[in-house]
Number of protein chains: 2
Amino acid sequence: MKDPVQFLRHHGLSVTAQRLAVLRAVSRRSHSTAEVIAEEVRSEINAVSRQAVYNALGTLAEKGLIRRIQPAGSPALYEDRVNDNHHHLICRTCGKTVDVDCAKGRAPCLTAADNAGFEIDEAEVIYWGTCPKCLAKSARSRA
Amino acid sequence: MKDPVQFLRHHGLSVTAQRLAVLRAVSRRSHSTAEVIAEEVRSEINAVSRQAVYNALGTLAEKGLIRRIQPAGSPALYEDRVNDNHHHLICRTCGKTVDVDCAKGRAPCLTAADNAGFEIDEAEVIYWGTCPKCLAKSARSRA
DNA sequence: ATCCTTTATTTGACTGAGTCCATAAATTGA
DNA sequence: TCAATTTATGGACTCAGTCAAATAAAGGAT
Ligand SMILES: [Mn+2]
Ligand SMILES: [Mn+2]
Ligand SMILES: [Zn+2]
Ligand SMILES: [Zn+2]
């Protein structure tokens with residue numbers, strides 16, 4: 001199931017240049033926006049509509065080939081690291097986003113203190129803070 | 001520090017009808033949108049601009065009197081339960097949002113598996129799933 | 001109570017990120 | 001190869017929020 005063409009077929013999706021290019025663009029760099037992905041795609045196949053990018057990202061995420069995260073104050077980000085429910089660490093100053101393994105190990109940490117009768121399918125964790133670079137910069141300006 | 005007037009003064013903010021009404025509106029119901037809050041405020045004092053509502057919500061959140069959460073696919077939500085870094089459980093179907101105590105107890109769970117050199121100041125946790133009502137409804141429709 | 005300065009509110013235009021929809025094109029599989 | 005189905009395109013449109021200039025209200029000092 002490594003091959004994207006196989007993957008698309010397997011989910012009953014037609015194989016299109018746009019989808020393949022979007023897939024490659026997402027893999028090339030982690031945590032990128034639809035906008036950035038669209039630019040990447042355009043540099044590969046020579047044109048693609050915004051809507052096609054959103055459609056591809058949407059269906060690929062739905063089928064589980066890519067993952068979408070939607071941090072506060074940022075457009076959605078897409079990545080190809082999938083199926084491990086890892087978490088994210090985001091710099092409030094510059095937006096730098098890095099992966100963090102799930103604190104509870106491999107098993108996704110789905111247990112809430114009290115689930116209030118909900119059936120929980122995902123625990124989304126975002127650690128907010130300041131990245132090393134921005135820390136250094138603010139230390140310098142305070143000096 | 002219970003009294004909102006005191007609180008505003010204490011933070012060097014002038015006390016305005018709009019701010020007080022926004023504060024009351026936020027307290028009246030948990031997890032409401034700016035839009036809903038604006039309507040509440042309008043039913044109390046007879047008019048308020050959208051911008052004034054956003055301003056008030058912004059400064060009140062900044063000063064720590066209210067808290068803003070920004071779940072994926074929803075406008076920002078505001079609540080007055082503050083200073084305990086509690087988490088949220090959100091229904092993917094109907095958006096119902098409920099509080100969940102921090103899994104790690106009183107101390108906010110700020111520890112990531114690997115902080116990558118970041119200085120973390122908040123761990124935001126959202127549990128996504130289906131609420132009891134929506135579970136029941138879908139069980140019924142499957143029957 | 002009055003004036004002055006600071007701070008907040010109003011109004012209305014504007015933006016970013018994404019969605020909707022009708023038409024055109026590509027993909028599939030018979 | 002030829003429909004039938006699935007996607008892509010282009011353009012209008014929406015939602016949630018921000019910006020900026022003009023006006024109004026609040027707070028402090030007389
Ligand atoms: Mn990631
Ligand atoms: Mn809450
Ligand atoms: Zn940073
Ligand atoms: Zn529900």
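Quantities reported herein were computed from a predicted structural model and do not represent experimental measurements. Letters A, B, ... mirror the listed sequences (proteins, then strands); counts begin at 1.
- Out of C/dG18, C/dT28, C/dT10, the shortest distance to the side chain of B/Asn55 is found at C/dT10.
- Between A/Ser14 and C/dT27 there is no side-chain N or O to OP1 or OP2 distance below 4.0 Å.
- Taking the six-membered ring for Trp and thresholds of 30 and 60 degrees, A/His31 and A/His86 have ring planes inclined between 30 and 60 degrees apart.
- Rounded to whole angstrom, the span from the CG atom of B/Asn46 across to the C1' atom of C/dT10 amounts to 14 Å.
- Distances were taken from every side-chain heavy atom of A/Tyr54 (C-beta onward) to each of C/dT10, C/dG18, C/dA8; the shortest belongs to C/dG18.
- Side-chain nitrogen and oxygen atoms of A/Arg9 include at least one within less than 4.0 Å of the OP1 or OP2 phosphate oxygen of C/dT28.
- Applying the 4.0 Å criterion to OP1 and OP2 of C/dT9, one finds that B/Thr16 has a side-chain N or O inside that range.
- Ion pairing between a basic and an acidic side chain is recognised when a charged N comes within 4.0 Å of a carboxylate O; A/Asp101 and A/Arg81 show such pairing.
- When the side-chain nitrogen and oxygen atoms of B/Gln18 are compared with OP1 and OP2 of C/dT10, one or more of them lie within a distance under 4.0 Å.
- Minimum heavy-atom separation, B/Gln70 to A/Gly73: NE2-N, 3.8 Å.
- The span of DNA chain D lying next to chain B, judged by atoms under 4.0 Å from heavy atoms, is bounded 5' to 3' by D/dA16 to D/dG27.
- The pair B/Glu40-B/Arg24 fails the salt-bridge criterion, with no side-chain N (NZ, NE, NH1 or NH2) lying under 4.0 Å from an Asp/Glu carboxylate O.
- Phosphate proximity of C/dG18 to A/Arg50: absent, as no side-chain N or O sits under 4.0 Å from OP1 or OP2.
- Salt-bridge annotation for A/Arg92 and B/Glu122: present, with a side-chain N of the basic residue lying under 4.0 Å from a carboxylate O of the acidic one.
- One interatomic measurement links the two molecules: CG of A/Leu8 to C1' of C/dT27, which rounds to 12 Å at whole-angstrom precision.
- For B/Glu79 and B/Arg68, the salt-bridge test fails: no basic side-chain N is under 4.0 Å from an acidic carboxylate O.
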